[in-house]
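Working notes, beginning with the structure itself.
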Amino acid sequence: MKQLKFLLCRNSPFVWDGNGFSQCFDDLVLGFGINAASIAVICIVGIMRRRARTNWTVNFSEKALLHSIAVIGACLSCVDAILLVKKKLHGDFVLYHELLFRFSHFMVWATIVFSLRCACFQHIFCDMVLCIWWTIKPLFGIPHLQKAFSSMEVLDCLKESSALFLDIMFSISINYIRIKQASANSSPMEDSLLCAEMDIEEGCHRDSRRMQGCWDHIVFRSIISVMNSGLGKQLGFDDLLLLPTDMDPSTCHKKLLSCWQHQHSNSSSNASLFRAIFSAYGWPYLRLGLLKVFNDFIGFAGPLLLNKLIRFLQQGSGNLDGYVLAISLGLVSVVKSFSDTQYTFHLSKLKLKLRSSIMTVIYHKCLSVSIAERSKFSEGEIQTFMSIDADRTVNLCNSFHDMWSLPIQIGVALYLLYTQVKLAFTAGLAITILLIPVNKWISELIASATEKMMKQKDERIRRTGELLAHIRTLKMYSWESLFSSWLMDTRSLEVKHLATRKYLDAWCVFFWATTPTLFSLCTFGLFTLMGHQLDAAMVFTCLALFNNLISPLNSFPWVINGLIDAFISSRRLSRFLCCSEQKPELERKAKFQPSFSNEKYDLVSNDMVVVMHDASCAWSSDNEDQNLVLNHVTLSLPKGLLVAVVGEVGSGKSSLLNSILGEMRLVFGSIYSSGSVAYAPQVPWILSGTIRDNILFGKNLDSQRYADVLEACALDVDISLMAGHDLAYIGEKGTNLSGGQRARLALARAMYQDSDVYLLDDILSAVDAHVAKWILQNAILGPLVEHKTRILCTHNVQAISSADMIVVMERGHVKWVGNSSDLAVSAYSGFASVNDFDASYIHSKLYSTNTSNMDKQSPLLENNTLDVPLEAQDIIEAEQRKEGKVELIVYKKYAGFAGWFISVVILLSAILMQASRNGNDLWLSYWVDTTGISQGKHSTSFYLDYFLARFTELVAQYQRTSYSELIASLWLSLRLQLLAASIISFIAVMAIIGSHGSLPISFGTPGLVGLALSYAAPIVSLLGSFLTSFTETEKEMVSMERALQYIDVPQEELRQYLNSSWPFQGVVEFQNVTMKYIPSLPAALNDITFTIAGGTQVGIVGRTGAGKSSVLNSLFRLTPICGGRILVDGLNIVDIPVRDLRARLAVVPQSPFLFQASLRDNLDPLRMSNDAKIWDVLEKCHVKEEVEVAGGLEAKVKEAGTSFSVGQRQLLCLARALLKSSKVLCLDECTANVDAQTASILQKTISTECQGMTVITIAHRISTVLNMDNVFVLNQGTLVEEGNPNALLQDEYSIFSSFAKASTM
């Protein structure tokens, strides 16, 4: 053994030579041993995979690339081995361990070449074991490369660099092919079959990426087709690149969701989104780290080659080494260009996948959590989760690799500096170390400021959303200035913390930006003081290393800040994702099962659709908050019945439905429900889209059921009058529909779903008596749902009397359960009381007209709406899209908003910064050349899946746009970097030629050549950065352009103030008023003329959509009138400042509005009334007791007023209006959601409290307007009848009389 060791390792230690591993150890263990292991792995995998079969093949370009790398590697290693043998034959001394290493290297490539000729070669080289091995193998070549560079032999450096480069390229190639094929095989088989069918019959847009070769991927050739399309036209969505299969948002969503669910199930209390992200994308991300290591290290090859090139120029040698160095310098730049763009591409692609995963998982969570659980977070917070926090978490991909990469880059640069200036570099290192604690302290302050800023940002977004969501109501109250001031206060606090952060950022950047300059100054100064002389090779090598230091040093503070932001955001997201979700039916059943014996449980399962056993529920998700809304409720609801839930305002009716839906927190007891559920809420939710989209809700169109549902919900007549019919476009939240139409649309949506259980929350209160009767008979009791379970919360006496079962709620308890006949003799008979009208008599002029109209219009919809247009009638003005570049005026306005002084200062600072850097480098060039001359030398939920699918489609559009943008930018970046490599090669070669005196002109001193090469590399990169920055700036300025476009929207005129006592009498006159919401739509008010005397009380009645609320919209100037005029006390309201007009009128809107603040601020935000007066008004509005229970006037109202029921919100809005003490009071269905008894008491209160005031009441309850001075009857925007209600009631042929006969409310 000793003789063998002596033979192989003569004149060399076997392992350690004092400075590192010996050459013998490098050659035998890290060379021969690794090569032998590689051959063994290839052979073993080949034997195991020799019979493998697959349905995929490697395309020609990929196969050619593998063969080319293997053949080049075999040839180079063969030549190397032959030269060694030749040297041995000539009698020169050759080490045996070196011979073994070189021959084994040749055998590896020969084995690869042989294996590539096998039929199953793709299984061999795409095997996971071999891919992992070849990823690790290049690391063992680093010691050989280090030894070669230490020897300063050019050919040895090139030889080892080429060997390592070929290993890395082969590793990248086989891993790329394996990942590509794995991605292609992961797509479902039916997708490819479907695409094949479409190719044959319709033509499928096939993914062009699958048809491309490896070279096309490397040079990003796929974007050329998009660029060609962009030459001739403005690009549209269909022109963009198709997404690769692994970037599909659905795939990304499932991947991260499964990892998060696994994480949450194992550690529900300490689940971390960061760990889930690592489980989903950790391995591909770590693989990218290897590419980054290669990319970072090859960046140092440039300064080393530059050092050798300048030394060559200084020595003036005439051999060919100079040309080799010049070409090598260019080739290194080429390789770095490709590796850099590939790393950026794969990292950006991973970031896009992660972003879509996070956004879809958050959106899925929003749909899955209950209302009670979601109450922990404001709407502003959730919106911030989707935007700011998602972005910051995604940016972790950049920061995490940089966190370990940047210190390595700095360390390597410092080591190379040591080789140039010895210990003089410690002066610069001391400066760097001294700044570390300073930056750590600044980073902690930045983290604190960021957390405070995010809280204020959440609040600002919440307030903004609240303002925009209820802007119509805010304008009616004339509260725009008030809410704007609150919003600006929040924004001021946010800006305060933002400014603190930005000042800290500036200090952080200042310290790190000055580090390279201080580093060079201290290093060269100390080097000179130590008695050394500067030369061009050393100085420009150091300069190139300083340039390499600038990027990591400047990036480091941003990396730290990015990590801080990412961890803060991931914690915020983890907290939201840890919220418990609504449990599926089986889990609720299992939870309930132990409460019953087996026999009784079977009875519940078969006969009951809802069973509540001692259930207590709360709206808050806080376990400490035991404010129970439902208290020990025990209730069993059989299948197939109509169940009416009745009770006073705030008794818990809506909460009962929400507890069945699982939206409340179940504190005690258990709740069981079975079957599919459809829900029509008390406040209708309308999707922005067509009427048909709102009803179908993602389901396929069943023409017959669709027509039946429209007729049952009395929507067919309304739709027939709309432009576009059922394809008419509905604005956001149904702004162009009346309240009754919105309610019927929500009911139609629920009925079309054909569910087992229908939960209907007070849907009849928003419609008039005729329509309520029609809906009750044809929808709720009609054939479409007659065998289904219907749970109806209502105050409608007809519905109560028609119910199979009645549940009476009182203060969160179920007080009584029975049928309608028993209710009449019970203690709760008040809910079953009817008025004096014969409910069975439904015959009138108006109703007959409407019925005949229905009969005529119904066939239109029964025939699958054959006559409707094929495209939706778009009533919403599309946002203007400008083409070309952003106009100069936008930049000027941006600078104006920022301040011209600060804009000029920033510009001058940037110019001076760059000038100082360039001057510093020029001075160094002069210094080393003059120094060198003296020495003689020469010198670098509800429908979760439906909504999730819609959201995923939008994310896919974003992914596709971002992916195309990424490919386009990298296409440009690669070509610019290759141009830089060409310039470097040209300058270097010309410098070598010039040094031989072969050119008629001189290229100057080695110092100037070094300076030129130092600037040649960054100059084109800077051009690319400039183009990227310009593009990004243009993109960002589009936001400014849109903001300016919004600012230019005509605003409401604000002029001088009125007499403080106006209006004096409250006389309201409409003179031939015509009003349209949109010019293309029919008139909502058509030539209406009437006069309301001051101090009188007037009711306005009519069918839903008749134009009742439009009267108030015109009066408050929410919508401008097309013709006629409106006078109040003789003044034309057009001549009155709009805010003054609204401030002098009091209103209770159709949709009650409470905002998140104290109850006192909600009732009297301007602080005009004392507490005694407020309590007095609350008592008169029958809501004082509920306010006391809630905590008094200082109790905090939750977002959108969810602390109170809809009926209670209406009463609070009425109290707010009475506190205003205006001469004109407008009530828009202010008692629609309260029971009949409470409504009657409130009418008496209004009559008493509003003596001398003009009261305009819009009502569907006929009893509401019976005691008023006058009544107006509207139909389709026209005034068809007016008079005293009692006089009209006695006229059996009057339209008002027909309304009364249809009403039992």
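None of these values were measured; they are calculated from a predicted model. Note: hydrogens, waters and symmetry copies are ignored here, and every other heavy atom, side chains too, is used. All residue numbers refer to positions in the sequence shown, counting from 1.
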d(Thr690 OG1, Ile730 CD1) to nearest 0.5 Å is 7.0 Å
To the nearest 0.5 Å, atom NE2 of His1182 lies from atom CD of Gln1208 at 14.0 Å
Here the gap from Leu628 atom CG to Arg665 atom CZ, rounded to the nearest 0.5 Å, amounts to 8.0 Å
task = For Arg811 and Asn631, test the side chains for any donor-to-acceptor distance below 3.5 angstrom and give the result as yes or no.
result = no
Distance col, row His813:NE2 vs Ser616:OG, nearest 0.5 angstrom, shows 8.5 Å
Q. Is Arg742 reaching over with its side chain to a backbone N or O of Ile686, donor-acceptor style, under 3.5 angstrom?
A. no
Inset, instruction - May I ask you to decide whether Arg744 forms a salt bridge with Asp718, counting only side-chain N to carboxylate O separations under 4.0 Å? - result: yes
Do the non-hydrogen side-chain atoms of Ser673 and Val757 ever get within less than 4.5 Å of each other? no
Do the rings of Phe1299 and His770 sit parallel, tilted or perpendicular, given the 30° and 60° boundaries? tilted
* Asked: Backbone N or O of Ser755 within a donor-acceptor pair of the Lys788 side chain at under 3.5 Å?
  -> yes
* Check: Asp762 and His795 side chains under 4.5 Å, non-hydrogen atoms -> yes
- Query: Is there a donor-acceptor contact under 3.5 Å from the side chain of Glu1281 to the main chain of Val1273?
  - Reply: no
Requested in this report: Cation-pi check, Arg472 to Phe1153: give yes when NZ or CZ is under 6.0 Å from the six-membered ring centre and within 45° of the ring axis, no otherwise.
Outcome: no
message: As a quick check of understanding, evaluate side chain to side chain contact (heavy atoms under 4.5 Å, CB included) for Leu701 and Arg692, giving each step before the final call.
response: CA-CA 9 Å; Leu701 177 64; Arg692 182 182 291 186; 4.0 Å; yes
> Should Pro638 and Asp607 count as side-chain neighbours, where that means a heavy-atom distance under 4.5 Å?
Replying inline: no
In short, Met608 meets Ser674 closest at the heavy-atom pair O-OG, 3.9 Å
task: Could you go through the side chain to side chain contact (heavy atoms under 4.5 Å, CB included) check for Ser659 and Ile671 one step at a time?
output: CA-CA 8 Å; Ser659 67; Ile671 301 174; 4.0 Å; yes
Shortest non-hydrogen pair, Asp702 vs Tyr752, comes out as N-OH, 2.6 Å
Q.
Has Asn694 got a side-chain atom pairing as donor or acceptor with Leu687's backbone, closer than 3.5 angstrom?
A. yes
Rounding to 0.5 Å, atoms CG (Leu792) and CD1 (Ile763) come to a distance of 6.0 Å
All heavy atoms of Gln753 vs all of Ile695, minimum pair found to be NE2-O, 3.4 Å
### Query
Is there a donor-acceptor contact under 3.5 Å from the side chain of Ser370 to the main chain of Met664?
no
Would you confirm whether Arg1209, through its side chain, and Phe1204, through its main-chain N or O, come within 3.5 Å as a donor-acceptor pair? yes
Notebook entry, point to check: Yes or no on side chain to side chain contact (heavy atoms under 4.5 Å, CB included) for Tyr706 and Asp726, after CA distance, side-chain angles and deciding distance?
Noted result: CA-CA 11 Å; Tyr706 182 71; Asp726 67 335; 2.7 Å; yes
What one should report as the nearest heavy-atom pair of Ala750 and Tyr758 is O-CE2, 3.1 Å
| request: State, yes or no, whether a side-chain contact exists between Met1268 and Gln1243 at a heavy-atom distance under 4.5 Å. | output: yes
Between Val1265 and Pro1285, the two heavy atoms sitting closest are O-CG, 3.5 Å
Closest non-hydrogen contact found for Ile806 with Asn819 is CD1-C, 3.9 Å
Exercise. Ignoring hydrogens and angles, tell me if any N or O in the side chain of Ser1294 forms a donor-acceptor pair with the backbone of Leu1288 under 3.5 Å.
Key: yes
>> Take a 6.0 Å sphere around CG of Asn1267 and say whether it holds more than 12 heavy atoms from other residues, nucleotides or ligands.
In response: no
With sequence neighbours left out, the residues meeting salt bridge (Lys or Arg N to Asp or Glu O under 4.0 Å) with Asp756 are none
Tell me whether Lys653 is salt-bridged to Asp761, with the criterion being a basic N under 4.0 Å from an acidic carboxylate O.
no
So CG of Leu715 and CG of Leu747: to nearest 0.5 Å the spacing works out to 8.0 Å
Would you mind reporting whether Asn658 and Tyr679 have side-chain heavy atoms less than 4.5 Å apart?
yes
query: Do the non-hydrogen side-chain atoms of Met809 and Val814 ever get within less than 4.5 Å of each other?
result: yes
Validation row: Leu657, Glu663 side chains within 4.5 angstrom (heavy atoms):
no
- May I have the step-by-step check of side chain to side chain contact (heavy atoms under 4.5 Å, CB included) for Met612 and Leu656, ending in yes or no? CA-CA 10 Å; Met612 305 177 72; Leu656 181 68; 3.5 Å; yes
When you compare the side chain of Ile1295 with that of Asn1275, does any pair of heavy atoms fall below 4.5 Å? no
When you measure from the side chain of Ser801 to the backbone N and O of Val797, does any donor-acceptor pair fall under 3.5 Å?
-> yes
* Asked: Do Trp619 side-chain atoms and Ile371 backbone N/O form a donor-acceptor pair below 3.5 Å?
  -> no
